[in-house]
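Predicted model only: the values in this text are computed from it and were never measured.
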Amino acid sequence: MMAAFDVIVLGAGPAGATCAATAAEAGRRVAVIDEQPRAGGQVWRAPMGGFPGKGDADQASGDTLRRRLAASPATRRLGHRVWSVVRTDTGYRVDTLGPDGPTALEAPFLVVATGAHERVVPFPGWTTPGVIGLAAATVLLKSHGVVPGRRLVVAGCGPLLAVVAAGLVKAGTEVAAVVDIAPRSAWLTRLPAILGQPRLAARGLAWGFAVAKAGVPVLSGHGVRRVEGGEAVTRVVIGPVDADGAPTEGPEQIIEADGLIIGHGLTTACEVTRLLRAEHRFDRLRGGWIPVVDGAFQTSLPGLHAIGDGAGIRGQAMASLAGEALGWHLAGRMAEAEATRANMAAATPFSDAMAGLMAQRPAQVRAIAADTVVCRCEDVTRAEIDSAVDAGATQIDQLKHFTRCGMGPCQGRSCADTVQELMAARLRMSRQEVGQWTGRPPLRPVPLGEVIGAFSYDDIPIPTPAPL
Amino acid sequence: MSARHDLVVVGGGIHGCTVALMAARGGLKVALVERGALCREASGVNAGTLTLQMTRVALIPYALRAHAMWADAPNWLGHDVGVVVCDGLSLAFTEREEELLSYRAGKRREAGAPIELIGANAAREVEPGLGDGVRLAGHCKVDGYANAYLTGLAFHRALTDAGVTLMEHRAATGIEREEGGFAVQTAQGPVRGKRLVIAGGVWIEPMMAWLGVPLPIKVLVNQLAVTERQRPVMRTVIGIASGLLSLKQYPHGTTVIGGGWQGVGDRERGGVALMPERLIGNVRLACHAIPALKEARLARAWAGLEAETADALPAVGPIPGIPDAYVCGSVHSGYTSGPYLARLLADLILEREPALPLFPIDRLLPPQAGRAA
């Protein structure tokens, strides 16, 4: 059964939910779909399973958005996993799996607001149990109130370091150290842009203060060299790095810990626009591959729009504004759309400053050791990637055939940014030239049992047999 | 004037690669021109099934010999492409499928395929993973599969070792006849050869048109899907009577689901998109045959192009009216039979008597076409 709408929005984070609510309030028939049972996305993720939540500013903002969306006439398909998106003669068809089995929706306009993936640049021991992502740690803290260890090292780069470290301190966990790739100077040079957003700057300061008050050592210009322990994290070894994230001469420090929370910024989750073969370009500052969009956030395909971090890492404030602007636009309210767009300019310097701290550092990738696993789904090492290139693999899709890299359950979501950088370096090509893996369904792994739903054999539309 | 090769092969799939390899080993100076990388189209993205139960009756003798070649790949190709030889079952779930199966298995058996018809219980002994509702099964011990994605690397190494001049990422944009042979035009300059093989899969039609030969080639857009790794749930290759299912679990635990359900795509754009209803239909059929597949998760689905002539039989042989030019392709279920047919063509080019007849394209051309030159 096909449900028809004017607009389908994929993702109910700040960008998607704002867009859906705005367009629906202005009279459009809107469906908004999200994998999570509650709207809010990652940054405003809702508490779950009886956990009351942290009661912080993010939760309050999320609650406001959730109330607005619930009060709007938008149809909410939350807890639904999208596995297929195709172009039709009249627009787009979205196939989902939800509590009631498989369903399909159609609309002439599709808004992709699918957010970001976490980047972890591999190092020895990064697949050890007890190593988890910064973003994953924020999910555990925000949604479930769970602390992933007793004595933790928080490492990587970008503003999430301070957020997570402060959250862990508040939750009463011992944070052994905060290890930041960026030298202090990297933050100082961004100070003007940060101070341009006083409210956000104040929150950042509060996180930093919480960490400092707890006496947590902060090691700037340092990175994780390796994790030791095998079965579970026992020690984290760190050492100095240069501004590009590559290890430099200098003493290693060994930190006893039972967990490592690590993240090296965010990459765009642009699987949907990739699947539909919209035009993309590589923009390192914005998190990697981003769909090319026009002033109305429309991609190279008619009716296909992209907003939020999935269209380029810009953070929550820009995502919310883009959602509102596009919502007005889709409702035909051009004056409001234009006014909202104008507000985005003011938020740009801060957004650029944060994105810059989270962008991939090529030197850090080039420093990955030969025997370090890069594709963790298929256990492909850096050496295997290099030797596949030496054996004649010159296209990113071809690398799969040579190594199985990117062929596992995550379909390259976690390794693509690293693998493509390694391949580009080896071939002395630009990231744009190396390209990205061709998008394929399903957008997420889906159980076959759910895809097929209930059926009888006679209902299978088996095509005409091939000639004998 | 660029150097003239003894043979220029246009198209680097299974057919082009095998012809080039065999011709080079036969002593010819061979160049292979491919617009992308080797075996990245039909030859690298198909289901990898090596089965007689989906093969055209007329091709059974070829498929039997080709199957033996695949099983022996480490020896003649020199590299492993993950070939597993195992039992294969073709299932009938309805009365109509039973009739279809009996008739088709009988015809294939007459042509030499060792296919036995067995009942549901016997079928379950061969494949304990089978679900309910099987009425009859065709059982063939000459079945199995390869890992299609490994063929590009394997041929790359074999062709390099054999001294073939590999010209990957070099698209042919035209072919001209000239004194003493052919000039294959590319953006990087012409590639010249005394003899020519056109082995361009679905692109055979436009390539033949460069020579003024109107050979229509249909483009099929086959949908395929693969699961995540799971525990072993099947040990055979499974199909159904109509041929619209191919199913096998690889040693590393993933299962490939195919059967030629049609997606969206064409010669210009490749396999563009999958039709969700058809993907669901194909997966339903797979889970109906092997219910434990329901536990697995779908990891990836894609569409690959397959070439087909008007009579769905191969286009392998000399190009009428154009001496020293040959065509090789459009073998229905060509992954199984491809290497053997390509080897036969190489024998013809090397002036050895092919062990079995080729499939000349005269039958597919309008009267007089291609002969004027």
What part of [X] lies closer than 4.5 angstrom to a heavy atom of chain A: side chain, backbone, both or neither?
{"X": "B:L166", "answer": "neither"}
{"X": "B:A312", "answer": "side chain"}
{"X": "B:T254", "answer": "side chain"}
{"X": "B:L244", "answer": "side chain"}
{"X": "B:T227", "answer": "side chain"}
{"X": "B:E97", "answer": "side chain"}
{"X": "B:L245", "answer": "neither"}
{"X": "B:V226", "answer": "neither"}

Below 4.5 Å, heavy-atom pairs only: which of A:A466, A:P463, A:P409 has the largest tally toward chain B?
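The option with the most such pairs is A:P463.
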Flag the one option from A:T438, A:D397, A:V86 with the top tally of heavy-atom pairs under 4.5 Å to chain B.
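The residue among A:T438, A:D397, A:V86 with the greatest pair count is A:D397.
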If you count every heavy atom of other residues, nucleotides or ligands that lies below 6.0 Å from [X] atom [atom1], does the total exceed 12?
{"X": "A:Y457", "atom1": "OH", "value": "yes"}
{"X": "A:D390", "atom1": "CG", "value": "yes"}
{"X": "B:R96", "atom1": "CZ", "value": "no"}

pair [X]-[Y]: side-chain heavy atoms closer than 4.5 Å:
{"X": "B:E168", "Y": "A:Q395", "result": "no"}
{"X": "A:H401", "Y": "B:C39", "result": "no"}
{"X": "A:Q398", "Y": "B:L153", "result": "no"}
{"X": "A:S84", "Y": "B:L279", "result": "no"}

In terms of heavy-atom pairs under 4.5 Å with chain A, which of [options] leads?
{"options": "B:R297, B:K294, B:R229, B:K107", "value": "B:R297"}
{"options": "B:L274, B:D311, B:V272, B:L100", "value": "B:V272"}
{"options": "B:G243, B:A273, B:P276", "value": "B:P276"}
{"options": "B:R108, B:H252, B:M54", "value": "B:H252"}
{"options": "B:E228, B:H288, B:R104", "value": "B:R104"}

Enter the distance from A:W83:CH2 to B:I280:CD1 here, rounded to the nearest 0.5 Å.
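Taking CH2 in A:W83 and CD1 in B:I280, the distance rounds to 4.5 Å.
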Spacing of A:D458 atom CG and B:T94 atom OG1 [to the nearest 0.5 Å]:
8.0 Å
Taking all non-hydrogen atoms of both residues into account, name the closest pair between A:I462 and B:S242 and its distance.
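Looking at all heavy atoms of both residues, the shortest contact is CG2-OG, 3.9 Å.
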Is it true that the side chains of B:R300 and A:Q411 contain a donor and an acceptor less than 3.5 Å apart?
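Yes.
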Region of A:L468 in contact with chain B, defined by heavy-atom distances below 4.5 Å
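Contact with chain B is through both the backbone and side chain of A:L468.
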Neighbourhood of chain B inside residues 440-456 of chain A, taking heavy atoms under 4.5 Å as contact
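Within residues 440-456 of chain A, the residues that come under 4.5 Å of chain B (heavy atoms only) are A:R440, A:P441, A:P442, A:R444, A:P445, A:V446, A:P447, A:L448, A:G449, A:V451, A:I452, A:A454, A:F455.
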Please work out which of the three classes, parallel, tilted or perpendicular, describes the rings of A:F402 and B:H156, given edges at 30° and 60°.
perpendicular
Tell me the salt bridge (charged side-chain N to carboxylate O under 4.0 Å, His left out) pairs involving residues 271-283 of chain B, sequence neighbours left out?
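Only A:R93-B:E277 qualify under salt bridge (charged side-chain N to carboxylate O under 4.0 Å, His left out).
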